[in-house]
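The next block holds one structure in the form of structure tokens; read it before the comments.
These numbers come from a predicted model, not from an experiment.
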Amino acid sequence: MGFIPVNFDEVQEAKPAEPGIHAMQITGCEVTATGPNSNKPGTPMYKINIGFPEEVDAMNLQHYLTLPNEDDDAETLKNKVRGLKRFLEMFNVPYDKSGIDIEKIAFDMVGCQAQGETELSEPDPKSGKIYSRLRVPYLK
């Protein structure tokens, strides 16, 4: 295959999704660690990539969930578990109600879909870029 015809004149950068309700799909989930600017650097978290399958020009958004760990106080632990449950329920990700298999949940997330709400971030101070942010609903 030597030559692939493409029209570079029509190529544009993706834009953040408009604020509102959108069809969403988890396209990737990575188990990683919080960065040096975190309250507790190196603690486990999910870095989740979410796409908009019905909006080809919308850029994917990144969503981060810090995971419970042995250094969490009772309030922090409760908030992390609540945030994780909200997200898993929103996307109908299967999970064991008695505990977390971190790798299995990360694997099971990919492909899960939801109708969800986005808002726009403030401009990034360095680049000026604006991103879509996910609004995860409260539990029922």
Side-chain angles (χ1 to χ4, degrees):
M1 182 181 278
F3 183 80
I4 300 172
V6 294
N7 185 346
F8 286 108
D9 290 333
E10 293 180 4
V11 175
Q12 297 179 22
E13 288 295 332
K15 295 179 174 69
E18 291 293 324
I21 306 296
H22 303 271
M24 301 177 180
Q25 182 173 23
I26 298 174
T27 59
C29 180
E30 174 185 355
V31 178
T32 186
T34 56
N37 296 331
S38 168
N39 291 343
K40 293 185 179 177
T43 57
M45 72 175 190
Y46 287 131
K47 178 181 176 185
I48 305 160
N49 193 1
I50 300 171
F52 303 92
E54 297 174 2
E55 302 171 52
V56 294
D57 291 331
M59 71 171 77
N60 288 3
L61 67 82
Q62 298 290 317
H63 187 74
Y64 300 89
L65 287 171
T66 54
L67 298 172
N69 66 76
E70 64 276 355
D71 295 330
D72 290 336
D73 59 46
E75 186 70 17
T76 301
L77 177 64
K78 181 174 66 173
N79 289 333
K80 285 181 178 181
V81 172
R82 182 184 302 121
L84 182 58
K85 182 176 181 180
R86 285 175 180 166
F87 185 87
L88 296 174
E89 294 278 328
M90 176 183 182
F91 280 93
N92 296 308
V93 179
Y95 61 94
D96 181 339
K97 295 185 188 315
S98 66
I100 302 169
D101 181 332
I102 295 172
E103 296 294 333
K104 180 175 182 343
I105 289 176
F107 181 80
D108 289 346
M109 277 189 203
V110 178
C112 290
Q113 299 180 3
Q115 290 288 320
E117 185 177 1
T118 62
E119 60 188 11
L120 294 176
S121 69
E122 293 296 320
D124 180 272
K126 294 180 183 175
S127 68
K129 290 183 180 180
I130 296 174
Y131 300 96
S132 294
R133 292 179 16 180
L134 178 64
R135 292 184 52 106
V136 179
Y138 291 145
L139 297 169
K140 295 179 182 178

- Message: Are the side chains of F87 and I26 in contact, using a 4.5 Å heavy-atom criterion?
- Response: yes
- Message: When you measure from the side chain of Y46 to the backbone of I102, do you find a donor-acceptor pair of N or O atoms at a distance under 3.5 Å?
- Response: yes
- Query: Does a side-chain N-to-carboxylate-O contact under 4.0 Å join K80 and D72?
  - Reply: yes
- Task: Kindly give the heavy-atom pair with the smallest separation between F91 and C112, and that separation in Å.
- Result: O-CB, 3.4 Å
- Could you walk me through whether K104 and D96 pass the side-chain contact (heavy atoms from CB on, under 4.5 Å) check? CA-CA 10 Å; K104 180 175 182 343; D96 181 339; over 6 Å; no
- Message: I'd like to know whether CG of D124 has more than 12 heavy-atom contacts from other residues, nucleotides or ligands below 6.0 angstrom.
- Response: yes
- Would you find a donor on one side and an acceptor on the other, under 3.5 Å apart, between the side chain of T27 and the backbone of N49? yes
- Distance (rounded to the nearest 0.5 Å) between R133 CZ and I50 CD1: 13.0 Å
- Judged by atom type as modelled, is there a donor-acceptor pair below 3.5 Å linking the side chain of S121 to the main-chain atoms of Y131? yes
- Task: May I ask you to check whether over 12 heavy atoms, not counting those of K40, lie within 6.0 Å of atom NZ?
- Result: yes
- Query: Where is the tightest heavy-atom contact between A17 and S132, given as atom of each residue plus distance?
  - Reply: N-OG, 2.8 Å
- Task: Report yes if some heavy atom in the side chain of Y95 is under 4.5 Å from a heavy atom in the side chain of E89; otherwise report no.
- Result: yes
- Is a donor on one side and an acceptor on the other found under 3.5 Å between the side chain of K47 and the backbone of T32? no
- Query: Do side-chain atoms of T118 reach the backbone of E18 as a donor and acceptor pair under 3.5 angstrom?
  - Reply: yes
- Task: Nearest 0.5 Å please: distance from the NZ atom of K85 over to the NZ atom of K97.
- Result: 6.0 Å
- Shortest non-hydrogen contact from V110 toward C29: CG2-N, 4.0 Å
- Rounded to the nearest 0.5 Å, how far does CD of E122 lie from CD1 of I130? 8.0 Å
- Item | Hydrophobic cluster identity match, L65 and V31, side-chain contacts under 4.5 Å | yes
- Query: Nearest 0.5 Å, what's the NZ-CZ distance between K140 and R86?
  - Reply: 14.0 Å
- Message: Strictly distance-based, threshold 3.5 Å: is any side-chain N or O of Q25 a donor or acceptor partner for the main-chain N or O of G111?
- Response: yes
- Query: Measuring from N69:CG to L67:CG, what's the distance to the nearest 0.5 Å?
  - Reply: 8.5 Å
- Message: On a heavy-atom basis, which atom in M90 and which in G116 lie closest, and how many Å separate them?
- Response: CE-CA, 3.5 Å
- Task: Considering non-hydrogen atoms only, spot the tightest contact between P44 and P68 and give its length.
- Result: CG-O, 4.4 Å
- Message: If I take atom NZ from residue K129 and atom CD from residue E13, how far apart are they, to the nearest 0.5 angstrom?
- Response: 6.5 Å
- Got more than 12 heavy atoms from elsewhere within 6.0 Å of CD, Q12? no
- Item | Cluster overlap L88 with M24, hydrophobic side-chain contacts below 4.5 Å | yes
- Message: Looking at T34 and T43, would you say the former's side chain and the latter's main chain have a donor-acceptor pair under 3.5 Å?
- Response: yes
- Task: Group every Ile, Leu, Val, Met, Phe, Trp and Tyr by side-chain heavy-atom contacts under 4.5 Å, then state whether I100 and M45 land in the same group.
- Result: no
- Is I48 reachable from M59 through a run of hydrophobic residues whose side-chain heavy atoms are each under 4.5 Å from the next? no
- Message: Please find the pair of heavy atoms, one from P19 and one from L120, that lie closest to each other, and give the distance.
- Response: CG-CG, 3.8 Å
